[in-house]
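Bear in mind that the values here come from a model prediction, so they are computed numbers and not experimental data. Atoms within each ligand, like the ligands themselves, are counted from 1 in listed order. All values below were derived from every heavy atom in this structure, side-chain atoms included, with hydrogens, water molecules and symmetry-related copies excluded. Numbers here simply count residues along the sequence, with the first being 1.
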Amino acid sequence: MNARQHAASEELAKNMHATNQYGDFFGISQETFDHVWSQLTDPDGNSVAYISMEIGADPDVYSPIRGKLQKEADLELADQTELEFIDKFLHGPQKIPNYSGGLGILAGDTLKSYADCRLPVVAISLLYRKGYFAQYVDSQLGQISQNVEWQPESTPSLYLLKDPDGSGRPLQIDIPFFNEYDHETIASAHVWMKMEVSNSLDFFVPEILLDYCLPKTPSLIRSAASQLYNAESSEIKAIQRRMLGTGILPALRALGFCPKTFHLNEQHGVVLAIQLIADELTAMLKHDRLEAATDEQILQAARIAAEHLVYTIHTPVKAGHDRFTKALYSGISQNSCHRILDILAHDDENPHSYNFTNLAMHVNRSANSVSRLHRDVTHRQFPQFAHKISAITNGVHHLTWISEARAEIFDTTPQLTNWRHNPGVFAKAGELANDQEFKKRLQLAWQHDTHALIDSVNEMLLLHRNQMTETWIDPPNYLSTLIGDNVRLQPDVFTVGFARRFSTYKRADLIFNDIEQLCRISVAHNWPINFIFAGKAHPADEPGKTVIKRIIDLQEVLYRSSNGLIKLIFIPNYDMKIAKLLVAGVHSWLNCPKRPLEASGTSGMKAAMNGVPNISIMDGWWVEGYHDGATGWKFGHEGPIDSASLSESREELLYFEDSSEFYLLLPLILQSFYDKSKENVFLDKGVKNLLLNIPIFNTHRMAAEYLQRYELALPDGQAQEMREFAELYSSDN
Ligand SMILES: *Cc1c(COP(=O)(O)O)cnc(C)c1O
């Protein structure tokens with residue numbers, strides 16, 4: 001090794017390797033690591049703990065460390081420890097299946113922006129050894145769910161923290177639980193850390209993941225710990241919530257972190273509030289026989305605890321609001337906890353249940369909904385708390401979701417200089433709307449991404465076909481069973497994407513309500529269409545699984561009735577990677593929830609960031625992102641929120657009304673796509689999405705709005721930068 005090489009190697013070691021009493025970490029410098037750690041452990045400091053049941057941040061979609069290694073790592077120069085890290089980052093498994101859908105991905109995107117904006121935040125969630133579930137789809141059986149097998153040990157960016165006692169053993173925290181006789185027992189957890197590293201590798205947000213699946217863990221707790229949203233029984237569900245909520249303070253203490261604010265991303269972790277109240281009561285009474293507290297003392301303690309809590313509510317759908325029967329909760333709690341719940345979590349509709357959304361609504365200093373429309377719905381649902389609920393509209397992490405082909409254009413467009421750091425630059429680049437050169441390049445990038453999507457779908461069809469003889473799974477796509485070139489997808493065909501969780505209110509099959517009419521539109525003008533669908537239904541959600549089966553069953557009839565013009569594809573096992581391929585590759589993104597049940601929706605924002613227009617019901621974020629049609633199309637019922645039904649029963653889902661409007665709209669869209677004289681419609685809407693929607697629906701802007709709730713003091717320069725992000729948009733107008 002010559003002197004220059006030696007210096008380079010030392011440089012790598014210095015800049016990409018950090019160590020402390022909890023372990024060895026890779027990707028950022030010791031200086032950065034120590035800086036973040038000292039901010040989070042400063043007893044006089046001010047930091048935030050972000051609590052979420054799920055976090056979605058797969059490294060195969062976004063990993064600044066891997067990006068840097070791919071460009072710069074010189075393997076010959078690295079020492080043994082670094083080589084192992086580099087090998088793991090470049091070749092290790094790139095999935096962390098700790099998410100089920102939008103809530104988790106929002107959490108991941110949020111934390112990435114917090115890291116980019118250098119905000120002192122630590123996140124806490126659980127580590128699920130069996131993930132959510134892996135989805136297989138069989139043309140006869142529909143959705144089949146399997147456990148995910150994954151190895152946190154070999155996944156880059158995940159670290160099992162060591163006990164700082166120097167023994168080399170994993171750090172273990174012991175969390176008080178209560179068995180069915182209300183006797184105290186202990187549940188132990190190991191502590192993992194995922195580092196959400198900033199784009200320029202100069203900051204990180206630690207995600208603390210509690211792993212309760214230890215050899216001695218009792219089996220009931222193990223079931224609750226190993227699978228996200230395990231709904232085998234309400235008891236397991238309640239234990240899962242408790243594992244998250246009760247684990248927060250012990251985990252933070254074990255690491256010396258001392259946040260002043262706790263942000264509950266949905267109410268799943270709200271058991272934390274009970275614990276904060278109990279701590280206040282103990283201090284107030286100067287003993288821990290909390291049964292002796294009066295109601296007024298409990299309310300007083302709750303007011304003090306509330307000063308530490310910020311709460312985001314994510315859905316108007318009742319199934320998203322945890323309710324547990326009182327009997328069930330007594331089985332895994334303690335008496336004083338009952339007193340607190342009786343006062344703060346009562347459920348008007350059901351006196352025998354505790355309602356955890358009510359608890360979270362009671363105990364916070366600030367609550368928010370995730371779009372303007374959702375704020376209005378939430379006010380209607382919780383009139384007694386309306387005065388403290390405002391809107392912070394969701395966003396997505398622009399660096400995660402903008403395709404490489406699009407990013408390359410932005411990188412070389414002078415008006416967009418610094419877009420990676422500041423997604424607000426698009427707001428000032430209005431002249432690009434008339435820049436033919438820019439539009440031409442955008443069109444080429446779009447075509448490139450469409451080709452990538454179509455190729456990957458065609459490969460999948462072939463793969464499933466070849467697997468037919470090897471597995472017992474019947475290919476989920478009718479087209480896999482046909483042979484010939486014309487049964488493959490073509491990239492110049494109008495391609496519509498739809499992918500999200502399959503829950504009833506999202507109405508994935510809405511546009512297939514009248515197959516004949518749909519086929520007539522296509523056949524009359526010889527307009528071919530590709531519909532590409534993906535998404536999982538919760539394994540216990542029978543209606544959701546039925547909709548998946550229906551999509552599969554419709555493929556053949558659509559194909560035949562349209563003379564092969566309409567191809568409906570289902571991609572199994574939806575994840576972030578498939579999402580990214582889809583949102584960048586399609587020509588339009590479809591969203592058809594029953595208004596007003598989609599609180600926000602984020603996949604449409606991912607499409608918008610790539611300049612892909614949405615075709616959507618006026619629900620959630622689209623009310624704010626539609627800009628009078630500049631960015632896409634709307635259809636469906638748009639009545640006032642005050643009288644809108646929140647029911648998911650079939651009669652109230654408006655299939656007929658909303659699909660009829662879709663059939664009126666579709667020919668106009670197809671004509672814009674296929675009629676050469678209208679060629680500019682898509683490209684114009686594409687550019688308008690970049691200019692109007694990137695500045696709003698990014699998580700940097702969202703971080704700036706949350707920052708105002710966190711009451712975090714930042715150094716002047718950083719505070720100014722966050723103010724600029726905040727000025728991009730006011731969600732609560
Ligand atoms: C973005 C995303 C979602 C959420 O999509 P919605 O439109 O909010 O329903 C769910 N799953 C995956 C894999 C995603 O990438």
Side-chain angles (χ1 to χ4, degrees), residues 52-62 94-110 112 131-135 148 228-229 265-266 312 314-317 320 370-371 373-374 393-398 400-403 496-508 510 532-538 541 544 547-548 571-586 588-595 597-610 612 614-617 619-625 632 693 697-699 702:
S52 187
M53 199 75 196
E54 46 173 313
I55 300 178
D58 281 334
D60 62 351
V61 169
Y62 178 76
Q94 304 286 329
K95 301 269 182 208
I96 303 177
N98 271 5
Y99 63 90
S100 95
L103 183 73
I105 294 178
L106 175 82
D109 280 8
T110 302
K112 290 173 199 173
Y132 180 48
F133 71 94
Q135 179 197 52
V148 181
L228 174 59
Y229 301 134
N265 185 42
E266 214 15 298
T312 303
H314 282 271
T315 181
V317 175
V370 290
S371 73
L373 193 76
H374 177 227
T393 302
N394 280 344
V396 297
H397 185 243
H398 64 294
T400 298
W401 296 106
I402 289 173
S403 81
V496 180
F498 176 103
R500 40 185 67 80
R501 284 183 306 115
F502 273 66
S503 16
T504 313
Y505 78 87
K506 294 196 185 237
R507 302 187 301 188
L510 178 82
I532 309 185
F533 277 55
K536 296 174 173 178
H538 187 283
D541 178 6
V547 177
I548 292 182
I571 306 180
N573 211 24
Y574 185 43
D575 66 6
M576 291 180 70
K577 192 162 183 191
I578 297 171
K580 187 162 179 181
L581 197 62
L582 278 168
V583 294
V586 297
S588 286
W589 191 251
L590 177 69
N591 184 29
C592 31
K594 182 199 145 169
R595 175 181 154 114
L597 294 181
E598 186 66 277
S600 167
T602 51
S603 60
M605 301 176 186
K606 300 169 193 167
M609 293 236 150
N610 284 290
V612 169
N614 277 260
I615 305 172
S616 175
I617 297 284
D619 201 5
W621 80 283
W622 188 233
V623 177
E624 295 160 66
N693 282 337
F697 300 103
N698 67 82
T699 34
M702 195 188 85

### Query
So, do Pro97 and Tyr132 sit near enough that their side-chain heavy atoms are less than 4.5 Å apart?
no
### Query
Can you list, by chain and residue number, every protein residue with a non-hydrogen atom closer than 4.0 Å to ligand 1?
Gly101, Gly102, Ile105, Trp401, Arg500, Lys506, Tyr574, Asp575, Met576, Ala579, Gly601, Thr602, Ser603, Lys606
### Partners passing side-chain hydrogen bond (donor to acceptor under 3.5 Å, both in side chains) against Lys594 (at least two apart in sequence or in another chain)
Ser645
## Note on the structure
Those residues at least two apart in sequence (or on a different chain) that pass side-chain hydrogen bond (donor to acceptor under 3.5 Å, both in side chains) with Glu266 are none
### Query
Who passes side-chain hydrogen bond (donor to acceptor under 3.5 Å, both in side chains) against Trp401, sequence neighbours left out?
Asp109
### Task
Measure the spacing between CG of Leu373 and CH2 of Trp622 and express it to the nearest 0.5 Å.
14.5 Å
### Task
Could you tell me whether a side-chain N or O of Thr699 sits under 3.5 Å from a main-chain N or O of Val396, the two making a donor and an acceptor?
yes
